[in-house]
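Report on the structure given below.
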Amino acid sequence: MAAKIGYDDVEVGTELPAASFPLTRATLVRYAGASGDFNPIHWNEKFAKEVGLPDVIAHGMFTMAEAVRVVTDWVGDPGAVVEYGVRFTKPVVVPNDDQGALVEVSAKVGAKLDDNRVRVDLTATSAGQKVLGMSRAVVRLA
């Protein structure tokens, strides 16, 4: 695969298509099985509340992975992401109902770098709160 977006076709401020990612308790159980992270704060409401959380919370790495999908979908090649990092600012609380939680992600080009690379700044929120801080990806474009 190769990046489908050309370096010369973007400017600082170029907005990527935003996306929303629904999370339910079933999503968390599937992710726990795939990742091997069976920490009970991600599936056991009683335990999560006993340790001071408002409810079951999504895995941080899962939240991080869902957010970067905005970048990989835009560029067309997951391998074009050469660097990615975030700070976890708030947990994504996932209630035990039919709706679960929603992670909403927007992104824009924050800087043009050398070697056909751009820095993409992401904003991820859930329930009106920013859940990832300093969320940035460096992407090599065509």
Side-chain angles (χ1 to χ4, degrees), residues 1-7 9-113 115-142:
M1 296 181 87
K4 295 179 182 176
I5 304 294
Y7 182 81
D9 297 329
V10 300
E11 298 297 330
V12 172
T14 298
E15 293 186 15
L16 283 62
S20 297
F21 304 100
L23 306 176
T24 64
R25 296 278 178 97
T27 308
L28 301 183
V29 170
R30 286 192 300 274
Y31 180 79
S35 69
D37 182 352
F38 293 101
N39 187 323
I41 64 172
H42 302 304
W43 58 269
N44 184 317
E45 185 173 334
K46 180 180 179 291
F47 182 85
K49 289 182 177 182
E50 284 175 355
V51 298
L53 295 168
D55 208 330
V56 165
I57 63 170
H59 302 73
M61 297 305 285
F62 182 66
T63 303
M64 185 178 175
E66 289 289 81
V68 81
R69 285 177 55 191
V70 167
V71 177
T72 59
D73 288 352
W74 172 70
V75 76
D77 177 11
V81 177
V82 296
E83 189 178 314
Y84 179 49
V86 306
R87 289 188 185 169
F88 301 105
T89 56
K90 298 277 185 192
V92 176
V93 178
V94 183
N96 190 20
D97 59 19
D98 293 337
Q99 306 233 345
L102 190 65
V103 175
E104 298 174 282
V105 183
S106 61
K108 66 181 176 181
V109 174
K112 290 186 83 168
L113 310 171
D115 197 24
N116 281 16
R117 296 174 307 135
V118 296
R119 187 191 78 226
V120 177
D121 301 331
L122 295 94
T123 301
T125 62
S126 183
Q129 294 192 314
K130 194 172 182 180
V131 295
L132 299 177
M134 298 296 291
S135 185
R136 293 181 173 167
V138 174
V139 183
R140 182 167 285 113
L141 301 179

Checklist entry - Please, which pairs that meet side-chain hydrogen bond (donor to acceptor under 3.5 Å, both in side chains) have at least one residue in residues 54-79, sequence neighbours excluded? => result Arg25-Asp55, Glu66-Arg69
Checklist outcome for this item: Scanning both residues in full, the closest heavy-atom pair of Phe38 with Trp43 reads O-NE1, 3.0 Å
Item to check | ring pair (Phe, Tyr, Trp, His ring centres under 6.0 Å) partners for Phe21, two or more places apart | outcome: none
Item to check | Nearest non-hydrogen partners of Leu23 and Val94, listed with the distance | outcome: O-CG1, 3.7 Å
Under 3.5 Å donor-acceptor pairs involving side-chain atoms of residues 95-108, not counting sequence neighbours:
residue	atom	partner	partner atom	Å
Asp97	OD1	Gln99	N	2.9
Asp97	OD1	Gly100	N	2.6

Next on the checklist: Looking at every heavy atom in both Leu16 and Val71, which two are closest together, and how far apart are they?
Outcome noted: CD2-CA, 4.0 Å
Item to check | Spatial distance of atom CZ (Phe62) from atom OG1 (Thr27) [nearest 0.5 Å] | outcome: 6.0 Å
Item to check | Separation between CG of Leu28 and CG of Asp37, rounded to the nearest 0.5 Å | outcome: 10.0 Å
Item to check | salt bridge (Lys or Arg N to Asp or Glu O under 4.0 Å) contacts touching residues 10-23 (sequence neighbours left out) | outcome: none
Checklist entry - Between Tyr7 and Leu113, which heavy-atom pair has the shortest distance, and what is it? => result OH-O, 2.7 Å
Next on the checklist: Please give me the minimum heavy-atom distance between Asp115 and Arg140, naming the atom from each residue.
Outcome noted: OD2-NH2, 2.8 Å
Next on the checklist: Just to verify, what does Ala2 make a side-chain contact (heavy atoms from CB on, under 4.5 Å) with, not counting sequence neighbours?
Outcome noted: none
Check: residues 80-93 side-chain donor-acceptor pairs under 3.5 Å, at least two apart:
residue	atom	partner	partner atom	Å
Tyr84	OH	Met64	O	2.8
Thr89	OG1	Lys130	O	2.8
Thr89	OG1	Val131	O	3.3
Thr89	OG1	Leu132	N	3.4

Checklist entry - So do the side chains of Ile57 and His42 get within less than 4.5 Å of each other, counting heavy atoms only? => result yes
